[in-house]
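Have a look at the structure below, then the notes.
Residue numbering restarts at 1 for every chain, and letters A, B, ... go by the order of the sequence lines.
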There are 2 protein chains.
Amino acid sequence: MKLTVSRLYKYRDTLIRFRQIGMVRVFSDDLAEDMNTSATQVRKDFSLFGISGNKKGGYQIHRLIIQLDRLLGKDKTHFVIIVGAGNLGKALMNYGGFEEEGFKVVAVFDNDPRKISRKGKIPVLPVQGLERFIKARELDLGIIAVPYFAAQEVAGRMTAAGIKGILNFAPVSLKVPGDCFVSNINVQLELETVSYFAKIMKENKKHSQQKKAL
Amino acid sequence: MKLTVSRLYKYRDTLIRFRQIGMVRVFSDDLAEDMNTSATQVRKDFSLFGISGNKKGGYQIHRLIIQLDRLLGKDKTHFVIIVGAGNLGKALMNYGGFEEEGFKVVAVFDNDPRKISRKGKIPVLPVQGLERFIKARELDLGIIAVPYFAAQEVAGRMTAAGIKGILNFAPVSLKVPGDCFVSNINVQLELETVSYFAKIMKENKKHSQQKKAL
DNA sequence: ATCATTTTGTGATTCTTTTCACAATAAATC
DNA sequence: GATTTATTGTGAAAAGAATCACAAAATGAT
Ligand SMILES: NC(=O)c1ccc[n+]([C@@H]2O[C@H](COP(=O)([O-])OP(=O)(O)OC[C@H]3O[C@@H](n4cnc5c(N)ncnc54)[C@H](O)[C@@H]3O)[C@@H](O)[C@H]2O)c1
Ligand SMILES: NC(=O)c1ccc[n+]([C@@H]2O[C@H](COP(=O)([O-])OP(=O)(O)OC[C@H]3O[C@@H](n4cnc5c(N)ncnc54)[C@H](O)[C@@H]3O)[C@@H](O)[C@H]2O)c1
């Protein structure tokens, strides 16, 4: 389910690129190839969400995007706050890609007075005002970009104020109430995992060379 | 397998925090709780990699960390390059967490002459020299932090030069040879997924309130 | 109009991951 | 030293995700 949803977003991405280069229709095959998956997977995902195409004719890109947009909530702007205006928080804040995808970062919060600034395009505010801000605007989405030891506290405050979805960059598992969804991006962990499998790749190569040599 | 490995790295993280606060032994329960998983999962993961503890006595943290270190290659320093010295590439480059975890960023590459600089702690070099650099140092690990339209080209050059593991931040699926492992961090996608499920959380709440009201 | 071809949509199957259930055993208690 | 208790380790079962296999339908060719 989670995996299907995230693939649906990726299909949409791919479809938008396809449309940009002038394509009008796609087959499940085309999507699969672009995304390194199988055509069956694509069709099963669509089928699960009641999306259908034409036998032999494939899918009309434009129509498909509209359907996905509605399904995935891409027809609205989503407002987001970031807590932590450090190295990473600032990179996220200045990243243009979010707005293009319908996410608007409305404010960043930090507990270091030196980081506070109401001047920029996106204000950086004292974290004291976090709850009030979230409640006043009925925000649902928050990004955590504080050090690991502060992450749980921030998550607690966010959820208490009504946040229902958290994207967490701190390398710890957050405890949140059952009505809040958390996704973790743990960069170190990903790099570690890559390094583990890179090593295996090298060893396999050695083995297969040994095999060849026999 | 992939999931087990990434959990092993997380167990290690947790164990190191536990050791820092003076703990000497843990039970599968403790690890599970800290990581939001089940005790059975922990033990099964360990069992899969031949790690064992004492019945009733649990696991000795120090010993366990040593075992994991060896298993996960944390007893060596891993050298990494980053391609793309933009917004994100710079944040990664300045991030202290990698070195702490045994990863050393040896160089960053960019194709924009204005980004080049040999002055800093980590040099930013012209991307022309990428292959030569990788080959000369027999590097295995690369991070891609270039725009989506440049990512495939960079991946191709990396793998051709011998890179065996790629951490990719560009929101596209890379085509790489079978002897290279890729892990994708797609921040937009994660945020989209969070927003999808956050919406569901809200709707569920409405429903359960309706149910209560009946 | 008929036939061959292409592509979808999905039930059945296989594969993977997680959870369950419980025997084995080390430590603590009586 | 026997008994109770806590905890591990793992085969078996369940749940979840991906793949297979093929019928159904749309299109194009003859
Ligand atoms: N920078 C990276 O490239 C990178 C890579 C991987 C992971 N991360 C993770 O992302 C998180 C942020 O990393 P960073 O490099 O930006 O760290 P950083 O130290 O540069 O920034 C953290 C910011 O959070 C603020 N902060 C601390 N406690 C707070 C609190 N209770 N409330 C509000 N603000 C608070 C600090 O004032 C600081 O501005 C960390 O958990 C880190 O492990 C960062
Ligand atoms: N910045 C963020 O917070 C963020 C968030 C999510 C995703 N991303 C993704 O990460 C990637 C980088 O984002 P960014 O914000 O740093 O972009 P950016 O434009 O700030 O930086 C990209 C850098 O790559 C360099 N570059 C372009 N083509 C190159 C090539 N062929 N070889 C070498 N260098 C090349 C550019 O000169 C530039 O310095 C993008 O794919 C983006 O979608 C970034």
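Considering only side-chain N and O atoms, A/Arg7 lies under 4.0 angstrom from the phosphate OP1 or OP2 of D/dA18.
Among residues at least two apart or in separate chains, ring pair (Phe, Tyr, Trp, His ring centres under 6.0 Å) pairs with a member in residues 22-46 of chain A are A/Tyr11-A/Phe46, A/Phe46-A/Tyr59. Contacts classified as side-chain hydrogen bond (donor to acceptor under 3.5 Å, both in side chains) and involving residues 84-93 of chain B (residues at least two apart or in different chains) are not found.
Residues meeting the ring pair (Phe, Tyr, Trp, His ring centres under 6.0 Å) test with A/Phe197, sequence neighbours left out: B/Phe181.
Side chain of B/Lys10 to main chain of A/Leu189: no donor-acceptor pair is present (N/O by atom type, distance under 3.5 Å, no hydrogens or angles). With A/Arg63 contributing its side chain and A/Gly53 its backbone, the two residues share no donor-acceptor pair below 3.5 Å. B/Asn36 contributes a side-chain N or O that, together with a main-chain N or O of A/Leu174, makes up a donor-acceptor pair within less than 3.5 Å.
Protein atom CZ of B/Phe27 is 11 Å distant from nucleotide atom P of C/dA27, rounded to whole Å. At whole-Å resolution of the value, CG in B/Leu3 and P in C/dT19 are 12 Å apart. Rounded to whole Å, atom C1' of D/dT19 lies 15 Å from atom CG of A/Asp29.
Sorted by residue number, the list of members of residues 177-189 of chain A with any non-hydrogen atom under 4.0 Å from DNA chain C is empty. Shown for residues 51-61 of chain B: residues whose heavy atoms fall under 4.0 angstrom of DNA chain D, namely B/Ser52, B/Gly53, B/Asn54, B/Lys55, B/Lys56, B/Gly58, B/Tyr59. Contacts between residues 32-50 of chain A and DNA chain D, defined by a heavy-atom separation below 4.0 Å, involve A/Ser38, A/Thr40, A/Gln41, A/Lys44, listed by number.
Using a cut-off of 4.0 Å between Lys/Arg side-chain N and Asp/Glu carboxylate O, A/Arg12 and A/Glu101 are scored as salt-bridged.
For B/Ile61 against B/Phe18, the heavy-atom pair with the smallest separation is CD1-CB, 3.8 Å. Between B/Ala161 and B/Ile134, the shortest heavy-atom contact is O-CG2, 3.5 Å.
No contact: B/Thr4 has no heavy atom under 4.0 Å from any strand.
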**Report entry** B/Leu68 and B/Lys74: CA distance, side-chain angles, deciding distance, side-chain contact (heavy atoms from CB on, under 4.5 Å) verdict
**Finding:** CA-CA 8 Å; B/Leu68 287 171; B/Lys74 298 298 291 189; over 6 Å; no
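For the pair B/Arg7 and B/Tyr9, the NZ or CZ position fails the cation-pi test of under 6.0 Å to the six-membered ring centre and within 45 degrees of the ring normal.
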